[in-house]
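What you see below is based on every heavy atom in this structure, not just the backbone, and it leaves out hydrogens, waters and symmetry mates. Reminder, nothing fancy here: chain letters follow the sequence lines and each chain counts from 1.
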Amino acid sequence: MTIEEQILHTLPQAVSDLYQAIMPANAFNLQETRKEFDGQITVVSFPITQFSKKSPEVTGEELGTYLQNAIPDVAAFNVIKGFLNLSISDSYWINSLEQAGNYQATANGKKVMVEYSSPNTNKPLHLGHVRNNLLGYSVAEILAASGYEVIKANLVNDRGIHICKSMLAWQKFGNGETPASSGLKGDHLVGKYYVLFDKAYKAEQEALVAQGKTEEESKKQAPLILEAQAMLQAWEAGDEAVLSLWKTMNTWVYAGFEQTYTTLGVDFKKYYYESNTYLLGKDSIEEGLKKGVFFKKPDGSVWIDLTADGLDEKLVLRADGTSVYITQDLGTAQLKYDDFGMDESIYVVGNEQDYHFKVLFLILEKLGKNWAKGLYHLSYGMVDLPSGKMKSREGTVVDADDLLAEMVATAKQRTEELGKVEGFTEEEKEKLYHMIGLGALKYFLLKVEPKKRLLFDPNESIDFQGNTGPFIQYTHARIQSVLNKANFGTNAKTNYSGALTSSERDVLVCLSQYPALLQAAAQEHSPALVANYTYELAKLYNKFYHEEIILKLEDKELKNFRLALSAATAKTIKKTMGLLGIQVPNKM
RNA sequence: GUACCCAUAGUUCAAUGGAUAGAAUUGCAGAUUCCGGUUCUGCAGAUGGGGGUUCGAAUCCCUCUGGGUACACCA
């Protein structure tokens with residue numbers, strides 16, 4: 001049992017014995033002791049005063065005495081106002097080292113799906129997608145590490161009018177250009193024609209306006225948009241020529257995406273395609289009509305009235321019987337559940353769709369789906385750049401591939417300036433630059449709470465000092481260097497029994513918090529917690545490293561202990577960075 | 001118009017309703033210069049305004065201001 005568990009186990013007993021009252025274990029408030037006070041674990045005694053009927057100070061004293069007598073590892077305590085600070089014995093912390101870095105959560109028997117990425121096949125990925133992919137991947141890794149069985153899913157938006165726009169433009173202006181003939185990455189090639197369509201479409205609109213039409217009219221009557229709509233109808237009717245072009249261009253796009261995913265280091269277990277799911281959901285409509293959840297308007301369209309829930313009336317099926325966005329999502333949700341029967345399902349989607357998911361989940365609940373309570377929208381904010389915000393419709397998008405390449409190039413330049421890569425082969429160098437460049441990007445994007453907008457500064461992210469990925473990578477490399485020089489294996493066993501210095505103890509306390517941190521991160525769906533924990537650990541280790549000697553120590557036991565402490569730190573850093581999708585080098 | 005989200009040092013981020021609001025960066029002063037230089041220490045600097053709830057509020061409630069997003073028979 002960990003010391004926290006022992007304390008939480010003993011506290012209700014203490015309240016019962018001392019004050020003849022019942023207080024459940026989860027009503028107690030444990031926290032890390034602030035550094036300016038003695039101790040490592042603090043019990044907040046305010047909530048207990050309602051049972052003790054005594055002042056916070058007296059309650060703290062009484063509980064402190066009780067805990068000290070009941071738990072051998074509680075070595076001492078002090079009370080400051082409503083805070084009972086417990087000092088845990090050095091031997092407890094030294095013993096905890098053996099487990100540090102080895103924590104493995106037991107399977108919790110639950111299944112969770114994380115759907116993320118969800119690209120459109122008409123253009124390449126941009127910075128916004130990057131945040132989505134990193135978040136989804138990291139949350140999936142965190143859940144897996146905390147005991148879930150995880151299914152990573154990708155719902156590809158491969159049909160619709162926007163796809164037809166790229167196709168039509170390629171037909172008209174492409175001259176048979178292919179990725180092979182042009183050397184362009186497939187998704188970029190298709191994206192190029194999407195942009196070309198938009199340009200030509202706008203020109204047509206302007207021409208119509210010049211002829212005296214209103215903007216509204218010209219938007220609808222421009223020949224290109226009419227053609228695109230016709231193409232969509234032909235696609236839905238199964239027209240072979242259109243389908244064949246669609247397949248060809250999709251192949252290009254997927255090859256391009258695959259490359260970007262590989263560079264990013266993300267993966268998926270299950271792909272869903274909207275071309276297969278866009279007709280789903282009509283069963284749910286039938287079901288809802290029968291149950292009286294939906295109602296039909298005189299024109300035949302189907303609606304749900306959510307005004308009682310503070311939302312609006314929402315269309316779920318058109319009068320002509322065709323689906324809308326939410327119809328598909330109802331069907332797809334059912335399909336996913338039928339496929340995997342998961343307990344929870346997480347949608348990683350930008351916060352501009354908050355309303356959509358609120359409605360979607362509410363409808364599924366009203367339809368009586370008992371799995372609806374396990375649905376969660378992991379909503380995230382936009383990514384801004386110092387030069388201004390990036391949004392696809394403003395044409396200032398930062399392309400994901402360009403960004404990744406630039407990060408790696410910057411990593412290369414910075415590393416070369418430092419001149420620490422002598423003795424590396426070309427291949428090792430490339431690998432290192434990739435690790436640093438992507439580590440910088442990933443860490444910077446993940447350390448911020450998902451729902452907040454974030455400002456991405458590429459230069460700051462790749463700084464080798466401060467709260468950055470490379471700083472943590474550097475700390476790891478430095479530890480490895482020490483371990484190598486000492487010829488120290490991974491065995492963290494130690495027989496050390498001396499007194500701890502404060503910097504040693506701080507590192508040990510931090511290491512021991514990993515299991516709780518992992519559970520919290522899983523619960524909150526928050527890679528940011530993991531990132532900030534890792535940074536804290538790296539900082540504490542650096543302080544220890546600076547204050548204490550390791551390699552030149554005469555005392556074998558102490559030296560061995562400090563090496564073991566270093567090894568456990570490196571192991572934990574590697575693990576938590578892995579949860580963020582970030583690799584750490586042994587040399588840099 | 002209605003709803004939702006956000007607002008913390010100059011800047012970028014933290015803080016399960018708990019102590020004197022932590023870091024990073026910037027600036028200034030210093031240490032180490034020993035195992036790896038990118039390490040460490042100190043100083044300076046912040047909860048948008050106004051009410052309320054609470055033993056205790058950056059956090060919960062109301063209101064105002066500012067920023068964003070959504071309210072499509074688009075996806």
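- Residue pairs that meet the salt bridge (Lys or Arg N to Asp or Glu O under 4.0 Å) test with at least one member in residues 40-60 of chain A, sequence neighbours left out, are A:K54-A:E62.
- Scanning for side chain to side chain contact (heavy atoms under 4.5 Å, CB included) contacts around A:N276 gives A:Y273, with sequence neighbours left out.
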Collect all protein-nucleotide pairs involving nucleotides 21-24 of chain B in which both atoms are nitrogen or oxygen and the distance is under 3.5 Å.
{"unit_1": "B:G22", "atom_1": "OP1", "unit_2": "A:R34", "atom_2": "NH2", "d": "3.2"}
{"unit_1": "B:A23", "atom_1": "O2'", "unit_2": "A:K539", "atom_2": "NZ", "d": "3.1"}
{"unit_1": "B:A24", "atom_1": "O2'", "unit_2": "A:N467", "atom_2": "N", "d": "3.4"}

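- Figure legend: A:K358 and A:F361 shown without cation-pi pairing, the cationic atom not lying both under 6.0 angstrom from the six-membered ring centre and within 45 degrees of its axis.
- Residue contacts shown for A:E547 are absent, as no nucleic acid heavy atom lies under 4.0 Å away.
- Partners of A:R318 under the salt bridge (Lys or Arg N to Asp or Glu O under 4.0 Å) rule, at least two apart in sequence or in another chain, do not exist in this structure.
- Listed by chain and number, the residues in a salt bridge (Lys or Arg N to Asp or Glu O under 4.0 Å) with A:E5 amount to none (sequence neighbours excluded).
- Residue pairs meeting the side chain to side chain donor-acceptor pair (under 3.5 Å) criterion with at least one member in residues 477-486 of chain A, sequence neighbours excluded: A:H476-A:Q480, A:R478-A:N542.
- The side chain to side chain contact (heavy atoms under 4.5 Å, CB included) test applied to A:Y325 returns A:D329, A:Q353, A:H356, not counting sequence neighbours.
- Heavy atoms of A:F83 sit under 4.0 angstrom from at least one base atom.
- A:Q233 meets the side chain to side chain contact (heavy atoms under 4.5 Å, CB included) test with no other residue; sequence neighbours excluded.
- Residue pairs meeting the side chain to side chain donor-acceptor pair (under 3.5 Å) criterion with at least one partner in residues 457-471 of chain A, sequence neighbours excluded, are A:Y443-A:N467.
- Among the duplex regions that RNA chain B forms, those built from at least three successive Watson-Crick or G-U pairs under 3.5 Å are B:1-7 with B:65-71, B:10-13 with B:22-25, B:27-31 with B:39-43, B:48-52 with B:60-64, ordered by first number.
- Applying the side chain to side chain contact (heavy atoms under 4.5 Å, CB included) criterion to A:L455, with sequence neighbours excluded, gives A:D384.
- Listed by residue number, A:D312, A:L315, A:R318 are the residues of residues 307-322 of chain A with a heavy-atom contact under 4.0 Å to RNA chain B.
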